[in-house]
Amino acid sequence: MAQKIVAGNWKMNLELNEAKDLIKGIKNSQDDVRVIVFPSSVFINVVAEGKNDNVEVGTQNFHTELKGAFTGELSISQLRSAGATVGLIGHSERRAFFSEGNDLIKIKVNAAVANNFDFIFCCGEPLMIREAGKELEFIKMQLEESLFHLTKEQMMGKVIAYEPVWAIGTGMTASSDQAERMHRAIRTWIHERYDHETAQNVSILYGGSCNQDNAKELFSCPNVDGGLIGGASLKGEAFCTIIDSY
Ligand code: 13P
């Protein structure tokens with residue numbers, strides 16, 4: 001069965017004391033739910049030290065090389081030494097604002113796999129693609145170009161987050177029907193490319209204006225294995241309510 005996950009992407013928000021306060025209040029009382037927070041990299045260390053049990057800390061980004069002359073960048077080994085156990089790859093904000101295309105995202109996937117570093121692979125279509133009715137092809141292409149080159153062994157247990165760009169930070173949450181349709185399609189493609197066992201073992205999270213009011217309905221969809229939460233993860237109480245939606 002796919003692991004249930006609730007992850008909070010804090011993006012470029014919070015200052016040191018706010019990050020310290022927020023992490024103290026995040027508690028995971030669900031044994032079967034994996035909870036991860038993604039603070040700004042500069043705070044990974046203190047957040048990892050201040051977190052409660054059963055909460056993991058991740059990195060919003062990482063460089064593909066382990067060390068060297070890459071001014072301003074952070075490597076998987078550095079981030080791991082600071083307390084990060086997992087990274088985001090392919091977030092739509094990195095695709096849109098930092099020109100990360102499917103080729104670079106594939107290299108990041110390979111770097112993570114080579115260094116045994118967990119990741120959440122993000123995909124999602126912009127509004128124009130949704131309005132043109134081409135969202136299924138678009139997401140399939142993102143997966144084929146950056147993720148589906150992995151072997152079955154590498155793919156087992158991986159995590160994909162479907163985050164429609166039009167739903168991120170807009171309050172326009174995908175309906176549970178829209179989310180379930182895409183998640184079911186993603187699982188079917190994994191089945192076709194790999195097999196039933198792999199498809200059942202990949203977690204598929206929903207992200208995009210998911211909050212304490214709509215999480216329960218979204219998480220009750222058969223193919224939604226949890227959420228990647230932005231805005232609502234910045235409030236401890238709201239985020240804990242989302243964790244407890246299971
Ligand atoms: P919001 O929950 O603020 O829409 O952000 C979603 C997201 O981008 C998480 O990675």
Side-chain angles (χ1 to χ4, degrees), residues 4-30 33-62 74 79 82-98 118-124 159-174 176 179 203 205-219 224-246:
K4 308 277 184 223
I5 300 173
V6 176
N9 177 5
W10 295 357
K11 308 194 180 182
M12 197 176 73
N13 293 299
L14 307 178
E15 296 186 357
L16 178 60
N17 285 334
E18 295 168 320
K20 278 184 179 171
D21 279 351
L22 178 56
I23 193 63
K24 268 194 257 165
I26 296 176
K27 301 204 168 71
N28 176 14
S29 45
Q30 313 277 349
V33 180
R34 185 176 176 196
V35 172
I36 313 166
V37 296
F38 292 88
S40 291
S41 310
V42 68
F43 303 143
I44 285 174
N45 197 359
V46 284
V47 170
E49 279 170 4
K51 72 176 185 58
N52 291 299
D53 290 346
N54 300 328
V55 176
E56 283 175 69
V57 183
T59 176
Q60 296 173 20
N61 188 31
F62 57 84
L74 296 166
L79 292 156
T85 51
V86 44
L88 293 182
I89 301 182
H91 193 281
S92 64
E93 286 149 20
R94 297 221 50 93
R95 293 176 187 261
F97 306 134
F98 303 97
D118 263 4
F119 62 87
I120 298 181
F121 179 94
C122 306
C123 55
V159 185
I160 295 171
Y162 169 59
E163 299 200 298
V165 177
W166 47 270
I168 296 180
T170 58
M172 283 174 51
T173 322
S176 48
S203 300
L205 316 184
Y206 170 79
S209 299
C210 180
N211 58 39
Q212 64 280 23
D213 299 324
N214 56 34
K216 215 180 184 98
E217 187 183 339
L218 285 160
F219 294 178
V224 176
D225 303 310
L228 178 53
I229 322 296
S233 73
L234 296 172
K235 295 173 219 120
E237 218 172 294
F239 190 61
C240 291
T241 306
I242 297 172
I243 298 169
D244 290 335
S245 298
Y246 273 117

> For I23 and V55, what are the C-alpha separation, side-chain angles and deciding distance, and is it a side chain to side chain contact (heavy atoms under 4.5 Å, CB included)?
Replying inline: CA-CA 9 Å; I23 193 63; V55 176; 4.3 Å; yes
For [X] and [Y], work out which heavy atoms get closest and say how close.
X    : Y    : answer
N13  : S40  : O-OG, 4.2 Å
A161 : I120 : CB-CG2, 3.7 Å
S209 : A167 : OG-O, 2.6 Å
A238 : A232 : CB-O, 3.7 Å
A179 : A174 : N-CB, 4.4 Å
A19  : V47  : CB-CG2, 4.2 Å

Let me confirm one number: the [atom1]-[atom2] distance from [X] to [Y], rounded to the nearest 0.5 Å.
X    : Y    : atom1 : atom2 : answer
L218 : Y206 : CG    : OH    : 6.5 Å
L74  : Q60  : CG    : CD    : 11.0 Å
D225 : K4   : CG    : NZ    : 5.0 Å
N211 : I242 : CG    : CD1   : 6.0 Å
N9   : L234 : CG    : CG    : 8.5 Å
C240 : K27  : SG    : NZ    : 7.0 Å

> Under the 3.5 angstrom rule, does the side chain of N54 hit a backbone N or O of R34 as a donor-acceptor pair?
Replying inline: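 The answer is no, because no donor-acceptor pair under 3.5 Å joins these two groups.
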Does the side chain of [X] reach to within under 4.5 Å of the side chain of [Y], using non-hydrogen atoms?
X    : Y    : result
L205 : V159 : yes
F239 : V6   : yes
C123 : I160 : yes
E217 : T173 : no

Throw together a table of side-chain donor-acceptor distances under 3.5 angstrom for residues 87-95, partners on residues two or more places apart or in other chains.
unit_1, atom_1, unit_2, atom_2, d
H91, ND1, E93, N, 3.0
H91, NE2, E163, OE1, 3.1
E93, OE2, K11, NZ, 2.8
R94, NE, E100, OE2, 2.7
R94, NH2, E100, OE2, 3.4
R95, NE, G90, O, 2.8
R95, NH1, N102, OD1, 2.8
R95, NH2, C122, O, 3.0

> What pairs meet the side-chain hydrogen bond (donor to acceptor under 3.5 Å, both in side chains) rule with one or both residues in residues 231-246, with sequence neighbours excluded?
Replying inline: Q30-D244
>> My understanding is that only one of V57, V86, T59 makes a side-chain contact (heavy atoms from CB on, under 4.5 Å) with F38; could you say which?
In response: V86
> What pairs meet the ring pair (Phe, Tyr, Trp, His ring centres under 6.0 Å) rule with one or both residues in residues 9-28, with sequence neighbours excluded?
Replying inline: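 Listed once each, the pairs would be none.
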